[in-house]
Participant: 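Pasting a structure here, questions to come.
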Protein chains: 2
Amino acid sequence: MLGMSSVTAAAAPVDSGLVRAAGRAVAQVDFESAVVDFFVEAADLLGVPKSVAAIYGVVFASPVPVSFADIAVRVNFSKGSVSQGLRILREMGALKEVSIEADRAELFTPDLELRQLMQRFIEQRLQRQLDSGRVRLAGLKKTAAAFPGPAQKELLQRVKKLQQWHDKARALLPMAKTFLKLSGR
Amino acid sequence: MLGMSSVTAAAAPVDSGLVRAAGRAVAQVDFESAVVDFFVEAADLLGVPKSVAAIYGVVFASPVPVSFADIAVRVNFSKGSVSQGLRILREMGALKEVSIEADRAELFTPDLELRQLMQRFIEQRLQRQLDSGRVRLAGLKKTAAAFPGPAQKELLQRVKKLQQWHDKARALLPMAKTFLKLSGR
DNA sequence: CGCTGACTTCATTTTGAATTGAACAAAGTC
DNA sequence: GACTTTGTTCAATTCAAAATGAAGTCAGCG
């Protein structure tokens with residue numbers, strides 16, 4: 001329980017103890033661990049709980065579709081967490097469900113159309129934030145304008161600056177979207 | 001204590017109860033509240049604790065430099081939190097310290113060179129993340145290559161896709177930096 | 001229809017990050 | 001040099017988000 005800051009220590013192996021081996025080949029477990037670590041590390045930035053990232057990692061790391069039970073065993077989470085995590089991932093469109101005929105259990109495989117995932121991420125997390133910020137900034141400007149005395153000018157100035165940056169960020173998003181679209185696949 | 005999700009409810013006033021009035025003009029308190037709310041809402045995305053965002057909000061909203069004590073009163077945090085928050089903000093270069101001669105107390109004012117703040121944000125939070133991810137991905141590829149059987153091909157494929165997106169994101173950062181630099185001020 | 005297996009839901013618990021506050025500097029003041 | 005004022009540090013606490021697990025739902029089976 002060394003308080004390892006995941007940001008400062010660049011690329012130090014995390015091994016959150018998340019991936020349980022269970023009579024599987026070493027190579028497979030190793031690979032899974034590494035993939036899970038990769039996604040878990042990105043979780044915070046992407047705005048998903050680490051457990052969800054771990055589940056996605058397990059699915060992503062398996063060459064064959066995995067079942068609910070597989071996941072629960074491998075990440076060693078409770079059924080409840082797995083269910084919850086899978087719901088989030090389905091809502092994000094991060095998984096494909098593969099119905100194997102002769103079996104009742106649903107199987108999961110990563111949706112490798114990462115482009116959509118990226119797009120959703122941008123729209124949900126960034127666009128939303130910026131839009132809400134825009135409304136707030138408009139309000140801010142009004143409030144500043146109601147400010148008495150000579151300080152008003154300074155405050156309006158500050159708000160304006162904020163707005164300029166906000167606008168820049170907003171202008172950047174469509175560019176990013178376009179850029180990421182290019183040379184797709 | 002209505003569990004208001006700050007994400008879903010676009011631009012609903014948050015009023016975290018953070019800003020305490022204290023015989024100040026209504027306009028001033030109103031403005032401060034709005035500014036604090038603005039920064040607090042952005043806190044998560046920017047990767048700072050909300051308390052820190054609130055402190056910055058108070059400093060930003062004040063037309064005159066504010067003291068340590070001012071801040072503590074207005075956000076109603078403990079001295080410890082204010083001290084901690086100010087340290088973070090100083091490290092980020094978000095504040096300027098104004099030493100008023102005849103008084104012992106240090107005063108704070110926002111550093112309005114937001115450009116540097118943005119740049120630091122990009123470098124610290126995004127660049128770091130991406131760099132660490134790059135290292136991890138390289139490892140991943142190796143591990144995948146050690147994978148036995150016909151599944152190897154599929155896994156290498158997946159890792160490659162991941163890498164492509166990662167590279168795109170990395171390519172985007174310098175562009176963003178440049179873009180944000182343009183038409184500065 | 002009663003059972004079983006495969007999830008889902010949600011009230012409770014856990015955990016880890018944010019926050020407090022009391023003890024500790026440091027820098028004047030008288 | 002005792003005292004006050006201003007701020008820092010860090011162990012202990014609080015609190016909200018995440019995780020659990022027991023009870024519930026639903027679909028197929030015999």
Side-chain angles (χ1 to χ4, degrees), chain A residues 1-8 14 16-18 20 39-40 43-44 46-56 58-59 65-91 95 97-108, chain B residues 1-8 14 16-18 20 39-40 43-44 46-56 58-59 65-91 95 97-108:
Chain A
M1 210 168 282
L2 308 165
M4 157 183 300
S5 156
S6 52
V7 178
T8 25
V14 162
S16 22
L18 279 172
R20 320 240 44 216
F39 286 113
V40 166
D44 191 40
L46 300 176
V48 297
K50 296 191 181 199
S51 66
V52 172
I55 292 173
Y56 184 70
V58 165
V59 176
V66 290
S67 70
F68 186 103
D70 290 337
I71 295 171
V73 171
R74 297 190 192 170
V75 294
N76 193 31
F77 292 162
S78 69
K79 275 198 297 178
S81 288
V82 173
S83 175
Q84 183 67 10
L86 283 175
R87 182 155 68 77
I88 291 174
L89 288 170
R90 260 178 279 164
E91 282 170 8
L95 300 179
E97 305 181 30
V98 183
S99 269
I100 287 295
E101 350 67 41
D103 210 344
R104 54 300 216 73
E106 203 86 37
L107 297 184
F108 301 92
Chain B
M1 207 165 281
L2 307 165
M4 157 184 296
S5 156
S6 53
V7 177
T8 25
V14 161
S16 20
L18 280 173
R20 321 241 43 216
F39 286 114
V40 165
D44 190 40
L46 300 176
V48 298
K50 298 193 180 201
S51 66
V52 173
I55 292 173
Y56 185 70
V58 165
V59 177
V66 291
S67 71
F68 186 103
D70 289 337
I71 295 171
V73 170
R74 295 189 192 168
V75 295
N76 194 29
F77 291 162
S78 68
K79 275 199 299 177
S81 287
V82 173
S83 176
Q84 182 67 9
L86 282 176
R87 183 157 67 77
I88 291 174
L89 288 170
R90 260 178 278 163
E91 282 170 8
L95 300 179
E97 306 182 29
V98 183
S99 268
I100 286 294
E101 348 67 43
D103 208 344
R104 55 293 212 87
E106 202 86 39
L107 297 184
F108 301 92

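Chain naming here is simple, since letters A, B, ... match the order of the sequence lines and numbering starts at 1 in each.
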Participant: Report the residues that fulfil side-chain hydrogen bond (donor to acceptor under 3.5 Å, both in side chains) with A:D44, sequence neighbours left out, ordered by chain and then residue number.
Facilitator: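 With neighbours one apart ignored, the set is empty.
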
Participant: Could you tell me which residues satisfy side chain to side chain contact (heavy atoms under 4.5 Å, CB included) with B:A43, sequence neighbours excluded, listed by chain and number?
Facilitator: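 B:A43 satisfies side chain to side chain contact (heavy atoms under 4.5 Å, CB included) with B:V48, B:K50, B:A53 only.
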
Participant: Specify the separation, in whole Å, of atom CG of A:D44 and atom P of C:dG16.
Facilitator: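 So the two atoms are 14 Å apart, to the nearest Å.
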
Participant: Mind checking what makes side-chain hydrogen bond (donor to acceptor under 3.5 Å, both in side chains) contact with B:R90, not counting sequence neighbours?
Facilitator: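 With neighbours one apart ignored, the set is empty.
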
Participant: Please state whether the phosphate of C:dA18, meaning OP1 or OP2, lies under 4.0 angstrom from any side-chain nitrogen or oxygen of B:S51.
Facilitator: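 Checking B:S51 against C:dA18: no side-chain N or O falls below 4.0 Å of OP1 or OP2.
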
Participant: Measure CD1/B:I88 against C1'/C:dT19 and give the value in whole Å, please.
Facilitator: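 In whole Å, C:dT19 C1' and B:I88 CD1 are 12 Å from each other.
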
Participant: Tell me the interatomic distance from A:E106, atom CD, to D:dG28, atom C1', rounded to whole angstroms.
Facilitator: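 Rounded to the whole Å, the gap is 15 Å.
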
Participant: As a quick check of understanding, evaluate side-chain contact (heavy atoms from CB on, under 4.5 Å) for B:V98 and B:F108, giving each step before the final call.
Facilitator: CA-CA 6 Å; B:V98 183; B:F108 301 92; over 6 Å; no

Participant: Holding to side-chain hydrogen bond (donor to acceptor under 3.5 Å, both in side chains), I want the full list of residues that pass it with A:S83, two or more places apart in sequence or in another chain.
Facilitator: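 So A:S83 forms no side-chain hydrogen bond (donor to acceptor under 3.5 Å, both in side chains) with any residue.
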
Participant: Could you tell me the separation between the CZ atom of B:F108 and the C1' atom of D:dT6, rounded to a whole number of Å?
Facilitator: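 For the pair B:F108 CZ and D:dT6 C1', the rounded distance is 11 Å.
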
Participant: Between the protein and nucleotides 8-12 of chain C, are there any N/O to N/O pairs under 3.5 Å, and if so, what are the atom names and distances?
Facilitator:
residue, atom, partner, partner atom, Å
C:dT8, OP1, A:R90, NH2, 3.3
C:dT8, OP2, A:S83, OG, 2.8
C:dT8, O5', A:S83, OG, 3.4

Participant: Please name all residues satisfying ring pair (Phe, Tyr, Trp, His ring centres under 6.0 Å) with B:F39, sequence neighbours left out, ordered by chain then number.
Facilitator: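 For B:F39 the ring pair (Phe, Tyr, Trp, His ring centres under 6.0 Å) partners, ignoring immediate neighbours, are B:Y56, B:F60.
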
Participant: For the pair made of NZ in A:K50 and P in D:dA16, what is the distance, rounded to whole Å?
Facilitator: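 Result: 20 Å.
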
